[in-house]
Each structure stands twice: as C-alpha cells, then as structure tokens.
Amino acid sequence: MTEPKNRPDNSCKYWNETLETMPHAELEKLQLERLKEMVAFAYENAPYYKRSFDAAGVKPEDIQSLADLAKFPFIDKKTQRDTQGVGSFLGELCAVPEEDVVFISTSSGSTGVPTMSPFTKQDFDEFQDTESRWFWQIGMRPNDRYVHALNFSLYVGGPDVIGAQNLGALCIWGGTLPSERLLFVLKTYQPTIIWTSPSYAWYLGETAKKNGIDPKKDLAIRKIIVAGEAGGSIPATRKAIEDLWGAELYDFYGLSDIFGACAAMCEAKDGLHIAEDQILVETVDINTGEVLPAGSVGELVYTTLRKHARPMIRFRTGDIGWIDNTPCSCGRTHGRIHIQGRKDDMFIVSAVNVFPSDIEAVLRGLKGITGEYLVRIFEKDLTCKYAVEIEKTSDNTETDDEVAKRVSAALKGRIGVKPYTVTVHPDGGLDTRSEHKAKRVIDERTTRV
C-alpha cells in the first residue's frame with residue numbers, strides 16, 4: 001500500500017480514498033503484514049527489543065494474528081529514559097544507524113527527562129503525508145491560507161506545517177509569536193485556518209476583542225485546529241471557542257513518542273480518527289495490563305507499524321480512553337479514539353475516578369461564569385478532596401454564594417462527587433489565561449492515591 005504521489009482534486013472528500021475507506025477486514029490484514037515486519041525489524045536491529053523479547057520468551061514469528069501482540073512486553077516513558085543514550089547517542093530503542101536519521105524531536109520533559117524521537121527520511125515523509133491527510137479531512141484546500149501557531153523548538157508538532165504545504169496551502173510559519181504580533185498577522189494576511197492550543201485559541205479571541213478586533217467580522221479564520229489539551233474534544237469548550245470566533249473547531253491528537261498529529265476529527269466530530277495504517281491501538285486495564293475489548297475504557301497502548309528509526313512496540317501512552325470501531329458517518333473506516341484524560345491527572349474522590357476534563361466539561365457549559373477555572377487537589381482527614389476556583393461574569397447578578405452552590409451542584413450531578421469548596425472570583429480574577437497551554441490543576445497532595 002503506497003500513499004498518493006499527487007494530491008487529489010479539490011472536490012474529492014478524501015486525501016487517499018482507498019486507504020481511508022478500506023474495509024476494516026482489509027485494514028487489519030494490512031496491519032498484520034506491517035506488524036510482522038516491524039516486530040522482526042525491531043528484534044533484529046534494536047538492542048533493547050532483542051533483550052526484552054528474549055527475556056519474555058517471545059520471538060517475531062510468534063506474531064500470526066493481531067491478537068498475538070498481547071504476548072509481547074510493554075514499554076513506557078521510563079523505558080525510553082532508561083535506554084536513551086545507552087550504547088549510542090540515540091540509545092537502545094533505536095533500530096537504525098544515526099546517519100539514517102534526518103530529524104529528531106523531543107518531549108517537553110514535564111514528567112521527567114526529555115526523550116528524543118528520531119525519524120528516518122521515510123519515517124518523516126510518511127509522517128507528513130499523514131498530516132496532509134488530516135488537514136484535507138478537516139477541509140483545508142490549496143486555496144487556504146494557514147497559520148501554524150505551534151512551537152517549532154524541538155516540538156514534534158512543529159513540522160506538521162509541512163503537511164499543509166504538501167497539500168498546497170499557503171503556509172505562514174507563525175510559531176509562538178506574541179499575541180499582538182499574531183493578531184497583526186491574522187488581520188493583515190487574512191488567513192483562513194489556524195492551529196494552536198484550546199487555551200490559546202480562547203485567549204487570542206478574547207485578546208482580539210479587547211483590542212477592538214471582532215474575530216467574526218474582522219478576521220477570516222473559518223477553521224481552528226487545536227491540540228495539546230483536552231478542550232477540543234469537550235463539546236462545551238469547543239462551542240465556546242467556535243462562538244467566539246465564528247469558526248469550526250477540530251481537535252487533533254499527537255504524541256512526541258510517535259509523531260505530530262496521530263489522530264484527527266472529521267466533520268462528524270465524534271472522536272478522532274487514528275491512522276490505523278501507521279499505528280495499532282490496544283486498550284488495556286490500567287492496573288493489570290489485560291487487553292480489553294474495543295469500546296472499553298482503559299489505557300491506550302500504541303504499536304508503530306511504519307516508524308523504523310525508533311519502533312514503538314506496545315507503548316503505554318498514559319492516556320485513558322477508548323477506541324470506537326463502529327461506522328463513522330464521514331465514510332472513513334479507521335477507528336476513532338476518545339481521550340478521557342491522562343492516567344497521571346486522574347484522582348480518586350470517595351471511590352470516584354475524576355479527570356480534570358470532566359470538571360472542564362461542566363464548567364464550560366454553565367451560564368454566568370467565564371469558563372476560566374483552577375482545580376486544587378489536596379488531602380483532608382486522610383482522604384483526597386478537590387476544590388474549584390472560577391470567575392463570575394461581569395453581568396452576573398447572582399451573589400457569589402449562589403454561584404458557588406450552583407457550580408457545586410452541577411459538578412456533583414455530572415461527576416458524582418462535589419468539590420470541597422467553590423471559590424468565586426470576579427471576571428479576570430484568575431491567573432489562568434495563557435498564550436499557550438494553561439495551568440489549571442494544582443496537586444497539593446504529599447501522597448498520591
């Protein structure tokens with residue numbers, strides 16, 4: 001199966017119709033072929049995989065079906081950190097010599113030592129063709145002007161702009177410009193599509209209005225792509241940003257461990273189609289590692305099917321969610337992932353699993369508050385509690401106590417446990433607005449449950 005050499009006609013719905021609408025049985029056959037090749041390649045060329053597979057008593061030839069992958073050991077972020085730089089600059093997970101690597105990105109290092117993600121030229125080219133697929137999927141065409149407002153400094157999402165260029169769009173490499181400069185670009189060049197984070201999309205729209213710019217009337221943005229935070233897949237947050245800009249919002253999902261955007265929304269906005277020709281998805285029990293049926297909530301585990309520089313065999317992502325293989329109204333047959341939150345972000349209150357995204361879904365949908373919020377997680381009487389801080393809109397005539405009670409009741413109704421306290425600030429009173437990712441959760445616990 002090869003990717004298209006030339007872009008399709010503008011009227012075509014799909015970037016690669018054969019691949020995107022392939023019957024799932026044929027897609028699984030393709031996955032099995034690629035899985036066999038990748039597991040054998042990793043075993044033969046990456047020192048870690050040979051040692052790991054031998055220790056687990058498994059061999060590449062044990063892969064006779066997709067289900068056989070469950071016999072093989074997991075890897076995770078710790079594996080990457082422990083093997084990075086061991087034996088060579090790129091480490092024991094790398095399966096090609098350094099001279100074959102043309103690009104590396106790194107993780108942010110927010111949960112430990114930054115980890116490198118290397119790409120061969122073929123890896124990189126297929127990565128960018130997948131990005132073109134996602135851009136085409138959300139309606140980008142060669143006559144669009146596109147602003148890539150993502151960090152270019154070692155960030156794996158930075159090069160995704162090349163996928164838009166390959167599609168034929170006019171691309172503006174915005175990066176992390178100051179808001180005033182970016183608004184100048186939006187007003188002067190009138191681009192039609194922008195990609196940033198949900199927090200920044202909201203912040204930029206608010207900043208535009210404060211500077212006398214109406215995003216709906218004075219700017220030409222008709223589509224907003226977001227990634228890096230949960231907001232794009234939270235209906236209330238998505239609607240708030242769409243209403244602010246008068247534009248359609250689409251959520252993308254990527255991992256520094258794999259490549260830029262691995263999955264993206266279509267027009268149905270019911271989950272994010274994942275590139276199943278590139279990535280095999282498993283869902284496993286968060287505690288036991290047992291493989292769960294499709295549609296079950298658990299930790300998402302990815303195996304790369306084409307990335308040769310550093311194969312990722314059964315990589316535990318730490319993302320909690322599920323994959324939906326039911327037919328999508330858009331006609332694409334690749335499964336759709338739904339991300340509920342990060343395993344590291346989840347906390348337990350009165351035996352209830354709580355994700356910050358659940359809290360955001362409630363707060364973004366309530367009237368009379370701005371949607372800005374801060375969550376504090378702490379210990380009280382030897383149990384885990386959470387408190388919420390919010391902002392009341394300037395035109396809200398309720399008392400702070402009335403707002404707090406209403407918010408507390410809404411959270412109890414949706415999540416199952418109410419916050420310990422709800423603190424109400426005036427509009428602008430919370431320091432959570434950000435030009436990039438917003439810091440909305442503060443964990444004050446001395447022990448983790």
Side-chain angles (χ1 to χ4, degrees), residues 1-3 19 22 24-84 86-88 90-101 115-127 130 255 257-259 262 274-285 288-292 294 299-317 323 334-335:
M1 176 64 60
T2 57
E3 302 293 345
L19 180 64
M22 181 181 293
H24 216 267
E26 291 184 27
L27 183 57
E28 289 183 349
K29 182 179 178 182
L30 175 65
Q31 287 181 317
L32 182 58
E33 292 173 359
R34 292 183 170 184
L35 178 63
K36 288 180 176 180
E37 187 275 334
M38 184 55 65
V39 170
F41 181 81
Y43 182 77
E44 293 163 5
N45 295 281
Y48 175 82
Y49 285 116
K50 185 176 192 316
R51 185 170 68 248
S52 172
F53 293 176
D54 286 349
V58 291
K59 299 287 185 184
E61 52 267 29
D62 292 337
I63 298 286
Q64 297 300 316
S65 70
L66 295 179
D68 288 332
L69 184 59
K71 301 172 183 176
F72 286 73
F74 295 111
I75 63 171
D76 56 18
K77 274 288 188 184
K78 185 177 185 303
T79 313
Q80 293 181 56
R81 289 192 288 267
D82 290 349
T83 59
Q84 185 167 280
V86 177
S88 69
L90 294 170
E92 292 187 313
L93 280 175
C94 188
V96 300
E98 185 179 335
E99 53 264 33
D100 288 350
V101 173
T115 54
M116 293 184 291
S117 183
F119 294 76
T120 66
K121 186 179 188 307
Q122 178 179 305
D123 294 339
F124 192 83
D125 289 347
E126 292 194 16
F127 157 29
T130 303
L255 290 170
D257 317 279
I258 312 293
F259 57 74
C262 304
I274 193 161
E276 289 198 278
D277 55 307
Q278 295 279 342
I279 301 165
L280 184 64
V281 182
E282 298 172 278
T283 311
V284 304
D285 184 277
T288 68
E290 177 188 359
V291 176
L292 302 173
E299 182 177 1
L300 295 174
V301 174
Y302 298 151
T303 295
T304 54
L305 300 175
R306 295 287 292 170
K307 194 167 185 279
H308 288 80
R310 188 187 63 184
M312 301 297 281
I313 309 296
R314 303 202 81 199
F315 174 67
R316 296 188 70 150
T317 65
I323 184 165
H334 292 229

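Reckoned from all heavy atoms, side chains included, excluding hydrogens, waters and symmetry mates.
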The test is side-chain contact (heavy atoms from CB on, under 4.5 Å); show your working for I75 and M312 and say whether it passes. CA-CA 8 Å; I75 63 171; M312 301 297 281; 3.8 Å; yes
I279 side, atom CD1; F259 side, atom CZ - distance, nearest 0.5 Å: 4.5 Å
Identify whether the distance between the nearest side-chain nitrogen and carboxylate oxygen of K77 and D257 falls below 4.0 Å. yes
Can you tell me how far apart OG1 (T120) and CD (E99) are? Round to the nearest 0.5 Å. 12.5 Å
Identified side chain to side chain donor-acceptor pair (under 3.5 Å) partner of Q278 from the options R306, H334, E126: E126
Do L305 and L280 pass the side-chain contact (heavy atoms from CB on, under 4.5 Å) test, and can you show the C-alpha distance, the side-chain angles, and the key distance before you say yes or no? CA-CA 7 Å; L305 300 175; L280 184 64; 4.2 Å; yes
With the side chain counted from C-beta on, respond yes when T115 and R81 share a heavy-atom pair under 4.5 Å apart, and no when they do not. yes
I want to check something: taking the side chain as every heavy atom from C-beta on, are T303 and F315 in contact at a cut-off of under 4.5 Å? no
Can you tell me if E61 has over 12 outside heavy atoms packed within less than 6.0 Å of its CD? yes
Between R310 and L90, does a side-chain contact (heavy atoms from CB on, under 4.5 Å) hold up when you go through it step by step? CA-CA 9 Å; R310 188 187 63 184; L90 294 170; over 6 Å; no
Shortest non-hydrogen contact between M38 and T304, atoms and distance: CG-O, 3.2 Å
How close do L300 and T317 get, counting heavy atoms only, and between which atoms? O-OG1, 2.7 Å
Would you compute the distance between atom CG of L19 and atom CD of E26 and round it to the nearest 0.5 angstrom? 11.0 Å
Report yes or no: is the cationic atom of K307 (NZ for Lys, CZ for Arg) closer than 6.0 Å to the six-membered ring centre of F119, at no more than 45° off its axis? yes
For the residue pair L69 and R314, what are the closest heavy atoms and their distance? O-CD, 3.2 Å
For R34 and D277, which heavy atoms make the closest approach, and how far apart are they? NH1-O, 2.7 Å
Might you work through the side-chain contact (heavy atoms from CB on, under 4.5 Å) test for F41 and H308, ending with a clear yes or no? CA-CA 8 Å; F41 181 81; H308 288 80; 3.7 Å; yes
What class does the angle between the rings of F72 and F53 fall in, given that below 30° is parallel, 30 to 60° is tilted and above 60° is perpendicular? perpendicular
Close side-chain approach of L255 to S117, heavy-atom, < 4.5 Å: no
Which salt bridge (charged side-chain N to carboxylate O under 4.0 Å, His left out) pairs, counting each pair once, include a residue from residues 35-50, with sequence neighbours left out? K50-D54
So, does D125 use its side chain to make a donor-acceptor pair with the main chain of Q122 at under 3.5 Å? no
Do the non-hydrogen side-chain atoms of F74 and T79 ever get within less than 4.5 Å of each other? no
Side chains of V101 and D123, heavy atoms from C-beta outward: is any pair under 4.5 Å? no
Over all heavy atoms of both residues, which pair between P60 and V39 is shortest? Give the atoms and the distance, please. CA-CG1, 3.8 Å
Which heavy atom of A309 sits nearest a heavy atom of P118, and at what distance? CB-O, 3.3 Å
Just how far is it from atom CD of E282 to atom CD of E290, taken to the nearest 0.5 Å? 12.0 Å
Under 3.5 Å: donor-acceptor pair, side chain of D62, backbone of V58: no
How many angstroms lie between atom CD of Q31 and atom CD of E276, to the nearest 0.5 angstrom? 5.0 Å
